[in-house]
**Q** 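Structure in structure tokens, see below.
Here the structure is a predicted model, which means the values were calculated and not measured. Both counts, for ligands and for their atoms, begin at 1 and track the order of listing. Atoms considered below: every heavy atom in the structure, side chains included; atoms not considered: hydrogens, waters and symmetry mates.
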Amino acid sequence: MGATIKTADEIEKMRLAGRLAAEVLEMIEPHIQAGVTTMELDRICHDHIMNVQKAIPAPLNYRGFPKSICTSVNQVVCHGIPGEKRLKKGDIVNIDITVIKDGFHGDTSKMFAVGQPSVLASRLMKVTREALWIGIGKVKPGTRLGDIGHAIQTFVESHHYSVVREYCGHGIGREFHEDPQILHYGTPGTGLVLQPGMCFTIEPMVNAGKQQVKLKPDGWTVVTKDRSLSAQYEHTLLVTEDAYEVLTLRHEETDPTR
Ligand code: MF3
Ligand code: CO
Ligand code: CO
């Protein structure tokens with residue numbers, strides 16, 4: 001249940017890894033077009049991470065995962081494996097990027113729409129993005145993990161969507177997935193107390209229908225049981241003396257007109 005407290009030197013390395021992961025999401029955006037395959041997106045990200053960033057795509061061979069990024073389309077909740085399927089107008093896709101630079105991990109994901117999304121899809125993405133930021137807004141020394149989970153769950157359920165329970169955020173650093181687990185539901189006033197120097201992700205998965213999920217026979221792809229749409233956003237965070245720092249912040253997120 002522990003969480004490591006990062007040193008000043010380790011925090012600098014986490015900042016760099018986080019910035020690189022965010023940059024991959026910015027780089028890939030113009031490539032997300034009707035007709036592209038998720039395998040082509042994987043290749044572009046892989047080459048950028050290896051050759052431009054001189055970093056390592058953490059998913060590749062992680063517990064046997066075969067590709068360098070995760071691409072989760074429509075009813076896929078998470079861990080979609082890039083393949084030969086072409087994106088089409090109206091699809092929504094989560095791209096999840098984790099890079100290792102100088103021994104430290106940065107992990108972030110966002111949703112993209114291919115062409116004009118349906119009203120439901122665009123509402124689902126907006127609520128999920130806001131749910132992440134409501135969770136982030138709770139991060140400061142003294143907050144307990146249950147406070148974060150409860151805030152996310154309450155917000156999502158107020159919009160009549162559901163929070164996936166089987167997958168969660170995580171501590172992050174030299175390891176991809178460290179303690180503690182960051183649940184996106186919970187009870188206020190319970191769980192680990194945050195301290196400066198902790199690093200973890202928040203990455204709510206939100207379903208338009210029921211919360212239940214199932215694993216595909218490939219052993220990775222997680223889909224909604226009722227085939228409803230699912231969305232996810234993820235950031236890597238540092239707990240600071242007074243609140244938080246988003247280590248994977250993108251330029252679009254500092255623009256108040258977004
Ligand atoms: N990036 C995912 C996360 O946010 C984990 C992907 S594991 C993989 O924790 F093996 F599927 F890449
Ligand atoms: Co993660
Ligand atoms: Co991730």
**Q** Does Tyr167 come within less than 4.0 Å of ligand 1, judged by its heavy atoms?
**A** no
**Q** Looking at atom 12 (F) of ligand 1, what's its closest protein heavy atom, distance included?
**A** Pro59 CB, 3.1 Å
**Q** What distance separates Leu247 CG from Leu20 CG, expressed to the nearest 0.5 Å?
**A** 12.0 Å
**Q** Classify the contact between Cys70 and ligand 1 as side chain, backbone, both or neither, using a heavy-atom distance cut-off of under 4.0 Å.
**A** side chain
**Q** Once rounded to the nearest 0.5 Å, what's the spacing between atom CG of Asp179 and atom OG1 of Thr4?
**A** 9.5 Å
**Q** Glu234: heavy atom below 4.0 Å from ligand 1, yes or no?
**A** yes
**Q** Heavy atoms only, cut-off 4.0 Å: how does Arg63 contact ligand 1, side chain, backbone, both, or neither?
**A** neither
**Q** Please report the number of protein N, O or S atoms that lie less than 2.8 Å from the Co ion (ligand 2).
**A** 4
**Q** Are His170 and ligand 1 in contact, using a heavy-atom cut-off of under 4.0 Å?
**A** yes
**Q** Name the closest protein heavy atom to atom 2 (C) of ligand 1, giving the residue it belongs to and the distance to 0.1 Å.
**A** Asp96 OD2, 3.4 Å
**Q** How far is atom 4 (O) of ligand 1 from the closest protein heavy atom, and which atom is that?
**A** Glu203 OE1, 2.7 Å
**Q** For atom 9 (O) of ligand 1, which protein heavy atom lies nearest, and how many Å away is it?
**A** His177 NE2, 2.7 Å
**Q** Kindly compute the distance separating CD1 (Ile202) from CD1 (Ile134), expressed to the nearest 0.5 Å.
**A** 11.0 Å
**Q** Ligand 1 and Tyr62, any nitrogen or oxygen pair closer than 3.5 angstrom?
**A** no
**Q** Tell me if the centroids of the rings in His184 and Tyr167 come within less than 6.0 Å of each other.
**A** no
**Q** CG of Leu87 to CG of Leu41: how many Å apart, nearest 0.5 Å?
**A** 6.0 Å
**Q** Rounded to the nearest 0.5 Å, what separates atom NE2 in His170 from atom CD1 in Ile182?
**A** 9.0 Å
**Q** Tell me, which protein residue and heavy-atom name are nearest atom 5 (C) of ligand 1, and how many Å apart are they?
**A** Phe176 CZ, 3.6 Å
**Q** Which pair of non-hydrogen atoms, one from Gly137 and one from Tyr244, has the smallest distance, and what is that distance?
**A** CA-CE2, 4.2 Å
